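All values reported here derive from a predicted model rather than from experimental measurement. Only heavy atoms go into these numbers, but all of them, side chains included; no hydrogens, no water, no symmetry mates.
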Amino acid sequence: MNLRYKSTRNSERTVTASEAILKGLADDGGLFVPEYIPKLDVTMDELRSMTYQETAYAVMKQFLTDFTEEELKRCIENAYDSKFDTEVIAPLVKVGDTYHLELFHGATIAFKDMALSILPHLLTTAAKKNHVTNDIVILTATSGDTGKAALAGFADVPGTKIIVFYPKGGVSRVQELQMVTQRGDNTSVVAIHGNFDNAQSGVKAIFEDKELEKELSESGYQFSSANSINIGRLVPQVVYYVYAYAKLLENEEIASGEEINVTVPTGNFGNILAAYYAKQMGVPIAKLICASNENKVLFDFFQTGVYDRNREFILTSSPSMDILISSNLERLIYTVAGGDSEKNKDLMEQLKEKGAYEITPEMREKLSDFVGGFATEEETKEAIQTTYEKTGYVMDTHTAVAAYVCAQYRRESGDPRKCLVASTASPYKFIHSVMTAIDSRYADTDEFELVDELSRISGMEIPKAIEEIRNADIRHTRECDAAQMKDTVKEILGV
């Protein structure tokens with residue numbers, strides 16, 4: 001049976017999975033959601049012996065029902081290959097009394113690789129299925145990781161162009177170098193004068209600009225998105241939670257049917273939403289622990305039922321979570337509103353106009369699977385340092401936020417369940433913050449000198465992604481104000 005997708009702001013019209021992936025954002029500005037969350041048709045016992053690629057097929061075939069078996073398997077094989085530096089793709093590592101799911105072994109050493117290595121293949125397959133003749137322009141805002149992972153995925157893919165906007169001064173030095181040194185004739189990178197929310201809002205406004213859409217079409221282009229608003233990003237993320245549970249079973253860390261808790265460092269809400277979808281598919285997950293940094297808009301939302309972005313934007317050592325508008329939360333709001341697209345649309349309009357909205361007590365009751373927590377900058381540092389001192393394991397700043405919140409939740413709740421932590425980036429990606437947390441003497445040391453030092457103290461091999469940017473040429477120097485994003489896109493495309 002074909003699973004169709006509808007917009008969170010209009011439940012009337014449905015599209016196929018391939019149409020939803022191609023569009024990225026619905027015409028009404030809403031996000032595509034499946035009509036229902038499908039169940040797994042294999043048991044956990046069958047999954048425990050499967051490879052990552054086999055698990056990916058078992059999960060994704062349930063969501064992407066208009067892709068043939070051959071098409072989907074080809075996309076999976078092209079994505080999860082030697083680009084990853086471990087054969088298992090997503091290793092599970094026991095750190096103290098928690099299990100870290102390492103999602104950073106791809107080409108850009110962050111979890112975004114897990115979805116963005118397959119999205120270009122899904123998108124080009126979807127374009128063929130839907131007889132698209134225009135070039136697809138991938139337009140993306142990034143708080144640091146999505147940009148590079150999307151650039152790496154789409155570089156020199158025929159029939160595509162990619163334009164990435166990032167906040168100047170709002171990403172780590174390694175993140176910036178990864179983007180501005182990107183090769184590929186179809187790639188463009190632009191630093192905006194503003195923060196990530198400005199970049200994200202600018203991209204959304206461009207997507208919703210019907211006049212621009214017409215102009216582009218006349219020039220042979222159409223937009224799509226590589227941000228986590230694209231359902232083709234979200235579905236591959238569900239895979240690794242299913243895979244992690246199956247591996248815990250295979251390693252005899254848990255009994256069959258035993259519930260676990262999952263802690264996810266969260267900014268845009270896509271990664272934890274994928275865990276929620278995995279739970280709906282039948283994975284025995286009890287609590288979804290949403291870990292925020294000092295930009296704790298999600299923590300406050302889970303505490304109060306009020307989402308309020310009217311607050312100071314704080315630059316932290318976990319920049320991929322420096323976000324005040326968590327765009328993927330809209331999918332959850334739509335779900336807890338009982339699929340009422342009018343109710344959801346009204347709340348999203350309040351967010352746009354007033355910067356805040358409040359959900360009803362009935363909607364709040366449906367959020368009982370979620371727990372919010374946050375870590376200050378000091379607590380994040382402390383988590384990195386104490387974990388290293390006790391176990392020798394080095395984690396990045398985002399993972400440290402999750403590890404701190406996970407430990408705090410266990411302490412305060414007394415919940416004895418085993419906990420999975422989504423480890424979202426390599427410590428090499430945020431090396432200055434990580435090494436300074438371990439020892440303050442490193443505060444004035446050059447980032448690339450610290451690379452060798454981290455390798456020495458952790459025993460972790462230096463990733464290829466880091467070696468590549470040490471001496472790479474800067475290829476992208478374009479900058480613009482947030483208000484000039486549309487004109488910049490037109491200039492790049494020659495429209």
Side-chain angles (χ1 to χ4, degrees), residues 6-13 20 23-33 139-143 146 165-167 170 192-213 223-225 227-231 233-234 266-270 273 292 295-302 304-314 321-360 363-364 367 480-487 489:
K6 51 193 176 182
S7 165
T8 51
R9 300 187 193 182
N10 176 4
S11 299
E12 296 303 305
R13 196 172 157 256
K23 279 185 162 299
L25 195 67
D27 291 337
D28 51 38
L31 308 189
F32 287 112
V33 286
L139 196 61
T140 289
T142 186
S143 55
T146 286
F165 290 97
Y166 75 94
I192 72 151
H193 308 135
N195 59 37
F196 170 72
D197 287 332
N198 302 138
Q200 182 165 257
S201 298
V203 164
K204 261 197 134 177
I206 292 169
F207 270 113
E208 290 167 15
D209 189 325
K210 296 298 168 201
E211 203 176 297
L212 179 60
E213 187 184 342
F223 282 134
S224 190
S225 168
N227 275 80
S228 57
I229 55 174
N230 192 317
I231 198 74
R233 267 281 301 276
L234 193 58
T266 309
N268 222 0
F269 207 74
L273 185 69
S292 300
N295 291 293
K296 57 187 180 67
V297 64
L298 285 164
F299 169 77
D300 292 341
F301 168 70
F302 284 116
T304 64
V306 176
Y307 192 94
D308 187 355
R309 68 171 170 85
N310 299 314
R311 60 183 70 206
E312 186 195 350
F313 183 92
I314 302 164
M321 296 156 68
D322 290 347
I323 293 171
L324 295 181
I325 304 173
S326 305
S327 56
N328 256 294
L329 186 64
E330 178 169 349
R331 286 186 165 111
L332 182 66
I333 296 299
Y334 172 82
T335 303
V336 298
D340 183 339
S341 55
E342 283 307 308
K343 174 74 180 158
N344 175 70
K345 188 178 174 185
D346 178 48
L347 292 170
M348 294 308 129
E349 275 168 9
Q350 287 178 44
L351 181 65
K352 193 173 180 179
E353 287 160 22
K354 300 175 188 157
Y357 62 79
E358 182 170 9
I359 62 172
T360 64
M363 289 167 77
R364 277 193 76 183
L367 293 175
C480 76
D481 291 336
Q484 299 168 319
M485 286 169 65
K486 176 180 164 180
D487 293 337
V489 167

K.L.:
Hey, mind stepping through Met321 and Asn295 against side-chain contact (heavy atoms from CB on, under 4.5 Å) and telling me if it holds?
P.N.:
CA-CA 8 Å; Met321 296 156 68; Asn295 291 293; over 6 Å; no
K.L.:
Compare every heavy atom of Asn230 with every heavy atom of Arg331, then report the nearest pair and how far apart it is.
P.N.:
NH2-C, 4.2 Å
K.L.:
Yes or no on side-chain contact (heavy atoms from CB on, under 4.5 Å) for Thr335 and Val33, after CA distance, side-chain angles and deciding distance?
P.N.:
CA-CA 9 Å; Thr335 303; Val33 286; 5.7 Å; no
K.L.:
Which heavy atom in Gly30 sits nearest to a heavy atom in Ser7, and how many Å separate them?
P.N.:
CA-OG, 3.5 Å
K.L.:
Less than 4.5 Å apart, side chain to side chain, heavy atoms only: is that true for Asp308 and Val297?
P.N.:
no
K.L.:
Side-chain contact, heavy-atom cut-off 4.5 Å: Thr8 with Met348?
P.N.:
no
K.L.:
Does Ala483 offer a backbone N or O that forms a donor-acceptor pair with the side chain of Asp481 under 3.5 Å?
P.N.:
no
K.L.:
What distance separates Leu273 CG from Glu330 CD, expressed to the nearest 0.5 Å?
P.N.:
11.5 Å
K.L.:
Can you check whether Gly267's main-chain N or O pairs, donor with acceptor, with Ser326's side chain at less than 3.5 Å?
P.N.:
yes
K.L.:
For the residue pair Tyr307 and Tyr357, categorise the inter-ring angle as parallel (less than 30°), tilted (30 to 60°) or perpendicular (more than 60°).
P.N.:
parallel
K.L.:
Report yes if the side chains of Phe223 and Val203 come closer than 4.5 Å at any heavy-atom pair, otherwise no.
P.N.:
no
K.L.:
Quick one: pull up CZ in Phe313 and CD1 in Ile323 and give me the separation to the nearest 0.5 Å.
P.N.:
7.5 Å
K.L.:
Is any side-chain heavy atom of Ile231 closer than 4.5 Å to a side-chain heavy atom of Leu234?
P.N.:
yes
K.L.:
Is any side-chain heavy atom of Ile359 less than 4.5 Å from a side-chain heavy atom of Ile333?
P.N.:
yes
K.L.:
Between Asp209 and Lys486, is the closest basic N to carboxylate O distance under 4.0 Å?
P.N.:
yes
K.L.:
State whether the side chain of Thr142 and the backbone N or O of Tyr166 hold a donor-acceptor pair below 3.5 Å, judged by distance alone.
P.N.:
no
K.L.:
Using a 3.5 Å distance criterion without hydrogens, assess whether the side chain of Arg9 forms a donor-acceptor pair with backbone atoms of Asp27.
P.N.:
no
K.L.:
Could you measure the distance from the OG atom of Ser292 to the CZ atom of Phe301? Nearest 0.5 Å is fine.
P.N.:
11.5 Å
K.L.:
Quick one about Asn268 and Ser327 (side-chain donor to acceptor, distance below 3.5 Å, no hydrogens or angles considered), yes or no?
P.N.:
yes
K.L.:
Between Asn198 (side chain only) and Ala482 (backbone N and O only), is there a donor and an acceptor less than 3.5 Å apart?
P.N.:
no
K.L.:
Taking the side chain as C-beta and beyond, is there a heavy-atom pair between Ser201 and Ile325 under 4.5 Å?
P.N.:
yes
K.L.:
Does a side-chain heavy-atom distance below 4.5 Å link Asp28 with Lys345?
P.N.:
no
K.L.:
Please name the pair of heavy atoms, one in Ser228 and one in Asn328, separated by the smallest distance, quoted to 0.1 Å.
P.N.:
OG-ND2, 2.8 Å
K.L.:
Report the distance from atom CG of Leu298 to atom CZ of Phe269, rounding to the nearest 0.5 Å.
P.N.:
6.0 Å
K.L.:
Of all the heavy-atom pairs spanning Met363 and Leu347, show the shortest one and how long it is.
P.N.:
CE-CD1, 3.9 Å
K.L.:
Taking 4.0 angstrom as the limit, do Glu213 and Lys210 come out as a salt bridge?
P.N.:
yes
K.L.:
From Gln200 CD over to Ser143 OG, what is the distance, rounded to the nearest 0.5 angstrom?
P.N.:
8.5 Å
K.L.:
Stepwise, does the side-chain contact (heavy atoms from CB on, under 4.5 Å) test hold for Asn195 with Asp322?
P.N.:
CA-CA 9 Å; Asn195 59 37; Asp322 290 347; over 6 Å; no
K.L.:
Is there a side-chain contact between Arg311 and Lys296 in this structure, where contact means two heavy atoms from C-beta onward sitting under 4.5 Å apart?
P.N.:
yes
K.L.:
Any idea which heavy atoms bring Gly339 and Ser11 closest together, and the distance?
P.N.:
O-OG, 3.6 Å
K.L.:
Which heavy atom of Phe32 sits nearest to which heavy atom of Gly24, and what is that distance?
P.N.:
CD1-O, 4.0 Å
K.L.:
Where do Cys480 and Met485 land on the side-chain contact (heavy atoms from CB on, under 4.5 Å) test, with the steps shown first?
P.N.:
CA-CA 7 Å; Cys480 76; Met485 286 169 65; 4.2 Å; yes
